[in-house]
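Because only heavy atoms are used, hydrogens play no part in the values below, and waters and symmetry mates are left out as well, while side chains stay in. Chain letters run A, B, ... following the sequence lines, proteins first, then strands; residues in each count from 1.
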Amino acid sequence: MKNISINNPWFYLAPTIVFIVLLVIVPLVTGISYAFYDFDLLSGTQTFVGLEQFHKIMSEDSLFISSLYNTLFWTSTSLFFQFSLGFALALLLKDGFKGISLIQPLLFIPWAVPSFLIGLMWVWMFNPVTGPIPYALEAIGIMDQPENILSDPEHAMWGPIVANIWFGIPFFTIMLLAALRSIPDEIYEAAKMDGVSAFNIFRYITVPLIAPTILITLLIRAIWIANFAEIIIVMTGGGPANSTQIIATYIYDTAYQKMDFGYASVISIALLFMLMLYGFALGRLRQKMPVYV
Amino acid sequence: MIKNSKYGLIIGFLIFTLFPVFWMFKISLTPDRLLYSEGIVAWPSQVTFDHYYAVIVEGSFPDYFLNSFIVSFSTAALTTIIAIAAGYALSRFQFKGRSLVIITLLITQMFPIVMIIAPIYNVLTFINLVDSLAGLILVYTAFNLPFACFLMQSFFDGSPQELEEAAMIDGCTRLQALEKITLPLCLPGIGATLGFVFTAAWSELLFALMFINRQSQMTFPAGIMNFVTKFSVDWGQMAAAMILALIPVCIFFAYIQKFIVQGLTAGALKG
């Protein structure tokens, strides 16, 4: 009886563990095992090749290196704007105002649009035949004439990034807004009575109290964005000239265009490894932070 | 002054958010023959409701929406309940294996889903749930759980533990203290989790496309793919279906935002 007591943490974790092990871990291990097999498209057979395919990624795959740089740019730029704009919006909405209950659901719309539709929508927006953006960019002097940014290898990545920012702002807004609203008013009132300035309240009370939510959302969103291929696949397909190819789209191409699941799994493991390093670094940061509550 | 600039900024956000949606709305009302010739005008010279008629009356979209609603609502409820339990354990107990659980949950998010679709399909075949809404609900729950657990944990971490301990000293059992003290304090977090999981399930395409074959079991993102054939895309109908699909989500958000807004004012600290 002792093991199923309400004071035992595993009692609360059991349902989660059953779901994760059965539907995520088991498939994940299978997916990783692909890396050690060579998938032959013609005969449909798999041969065990050990670590052979790992050599290729280390020594002779320049597309992997360029995708890695593109992934860093895609992930950091998208994350920076999603977080700062989402946080700003959460602060604007925090105290509420007349009509907020009508406006708030509208602001959350992008998060509910399926990602391939987001891609299609912004393809329309960026196309000079069907969308206003090229003309707006011409009007403010960024472009000499209305052109499609998605066909310009120098700047094409900004297309999917803008779409991704549009999509991701509400995520941070919802999460940070909920965290902000969980701070008891009494804390703010006490600080105001002690004459603490608005900036110092924000710096020393608000931010530390919502720091756990900030860190976990930054961690998980970075992982998701690095893995997020749909918008790019729809908008540019990784082109022009691989200028928008990130690791996630490269994996998709390798697995579903070239049908090389073995090598796709090798790239996936490389991505997994890098994301684990990032997660480890953020985890250390979390441990160093003082606990406020 | 400050108030006006605040409203100005919110209006700026609204325009950025709604303009692309407005553009899709415009496309949904534009007759096919004007689609490109009037591609860049803000409002077409002629308006048609044919696309909406086709989607609602001629297509199977009412069925797709119903399926999407069943799947999203069940996934949101199931995931949130399970995640409340797990988040509570991760927040309130120090135990051997805690870090292992957290790291495992994180790692599940780091591997590309396209690489594990086939193995998941095999698991679903094994438990005989391929091509059913129930199977889709279970898969969505599994993939939304890790983040939902972290989210609930962070909200439990942020709620004062002292009140809960005081209640337990006063004779409440752990579950009573959780139900009467901690959960009301975490209502904003529960609302955010529900909203997050609901929309994630509502807009998911890849699993829905791979695991569902029967028309009668399709969710709306998979149904929308019917407009994309090998040769052409029916833009007008696709835009109409997308606009219609946003309505239930807005209603759902309008409903759950009450929790996110209320939060502490309805909670235990003032009661």
Interface residue of largest heavy-atom contact number with chain A, from B:Ile127, B:Leu14, B:Asn122, B:Leu246, under 4.5 Å: B:Leu14

Close side-chain approach of B:Phe16 to A:Ile169, heavy-atom, < 4.5 Å: yes

Check: B:Asn144/B:Thr79 side-chain N/O donor and acceptor closer than 3.5 Å: no

Which of B:Trp202, B:Tyr121, B:Phe126, B:Phe111 touches chain A most, by non-hydrogen pairs under 4.5 Å: B:Phe111

Backbone N/O of B:Phe220 and side chain of B:Ser68: donor-acceptor pair under 3.5 Å: yes

Sidechain-backbone polar pair: A:Glu230 side chain, A:Val234 backbone, donor-acceptor under 3.5 Å: no

A:Arg181 side chain vs B:Pro188 backbone, donor-acceptor pair below 3.5 Å: no

Chain A contact via B:Ile81 - side chain, backbone, both or neither, heavy atoms under 4.5 Å: neither

Centroid-centroid distance, B:Phe207 to B:Phe143, less than 6.0 Å: yes

Residue part contacting chain B, namely of A:Phe280, when any heavy atom lies under 4.5 Å: neither

Side chain A:Thr173, main chain A:Gly86, donor-acceptor under 3.5 Å: yes

Per-residue contact mode, A:Ala255 against chain B (heavy atom under 4.5 angstrom): side chain

Toward chain A, the part of B:Ile11 with a non-hydrogen atom under 4.5 Å: neither

Ring-ring centroid check A:Phe171 B:Phe147, cutoff 6.0 Å: yes

Chain A contact via B:Cys250 - which portion, at a heavy-atom distance below 4.5 Å: both

Derivation and outcome, ring-ring contact (aromatic ring centres under 6.0 Å, His included), residues A:Phe172 and A:Phe87: CA-CA 6 Å; A:Phe172 281 107; A:Phe87 195 8; 9.2 Å; no

A:Ile247 portion near chain B, given a 4.5 angstrom heavy-atom threshold: neither

Contacts of type salt bridge (Lys or Arg N to Asp or Glu O under 4.0 Å), residue B:Arg92, not counting sequence neighbours: B:Glu164

Interchain contact, A:Ile32 with chain B, by part (heavy-atom threshold 4.5 Å): both

Any residue of residues 193-201 of chain B which, by heavy atoms, sits under 4.5 Å from chain A: B:Phe196, B:Thr199

Chain B contact via A:Leu106 - which portion, at a heavy-atom distance below 4.5 Å: both

Pick from A:Ala14, A:Ala264, A:Gly279, A:Pro110 with the largest number of heavy-atom pairs that fall under 4.5 Å of chain B: A:Ala264

Under 3.5 Å donor-acceptor, A:Thr254 side chain and A:Tyr263 backbone: no

Residue B:Ile113 versus chain A: region with a heavy atom under 4.5 Å: neither

Among the listed options B:Leu9, B:Ile10, B:Val139, the residue most often paired with chain A at heavy-atom distances under 4.5 Å: B:Ile10

Toward chain A, the part of B:Val249 with a non-hydrogen atom under 4.5 Å: side chain

Contact class of B:Ile107 relative to chain A, heavy atoms under 4.5 angstrom: both

Non-hydrogen atoms of B:Met24 and B:Ala239 that approach each other most closely: O-CB, 3.4 Å

B:Thr104 side chain to B:Leu100 backbone, donor-acceptor under 3.5 Å: yes

Separation between CD of B:Gln153 and CD1 of A:Ile216, rounded to the nearest 0.5 Å: 7.5 Å

Option in A:Ile118, A:Ile103, A:Ile133 with maximal non-hydrogen atom pairs under 4.5 Å from chain B: A:Ile103

Which atoms of A:Leu22 approach chain B - backbone, side chain, both or neither, heavy atom under 4.5 Å: both

B:Ile84 versus chain A, the contacting section by heavy-atom distance below 4.5 Å: neither

Backbone of B:Ile40 reached by a side-chain donor or acceptor of B:Glu38 within 3.5 Å: no

Donor-acceptor pair, side chain of B:Lys26 and main chain of B:Gly39, under 3.5 angstrom: yes

Between A:Leu92, A:Leu93, A:Ile210, A:Ile223, the one whose heavy-atom pairs under 4.5 Å with chain B are most numerous: A:Leu92

Residue part contacting chain A, namely of B:Ala245, when any heavy atom lies under 4.5 Å: neither

B:Ile120, part contacting chain A, at a heavy-atom distance under 4.5 Å: both

Heavy-atom pair count under 4.5 Å with chain B, highest-scoring of A:Phe228, A:Tyr252, A:Tyr256: A:Tyr256

Pairs of heavy atoms under 4.5 Å with chain A: top-ranked of B:Gly97, B:Pro20, B:Pro146: B:Pro20

A:Gln82 (side chain) donor-acceptor with A:Asn164 (main chain) under 3.5 angstrom: yes

Best-contacting candidate, A:Trp124, A:Phe116, A:Tyr135, against chain B by heavy atom pairs under 4.5 angstrom: A:Trp124

Residue A:Pro128 versus chain B: region with a heavy atom under 4.5 Å: backbone

Contact origin within A:Ile220 toward chain B - heavy atom pairs under 4.5 Å: side chain

Engaged part of B:Leu205 at the chain A interface, taking heavy atoms whose separation is under 4.5 Å: side chain

Side-chain donor or acceptor of B:Ser91 paired with backbone N/O of B:Tyr88 under 3.5 Å: no

Winner by heavy-atom pair count (cut-off under 4.5 Å) against chain B, out of A:Ile251, A:Asn127, A:Asn227, A:Leu117: A:Asn227

Plane angle bin for A:Phe39 and A:Phe261 - parallel if under 30°, tilted between 30 and 60°, otherwise perpendicular: tilted

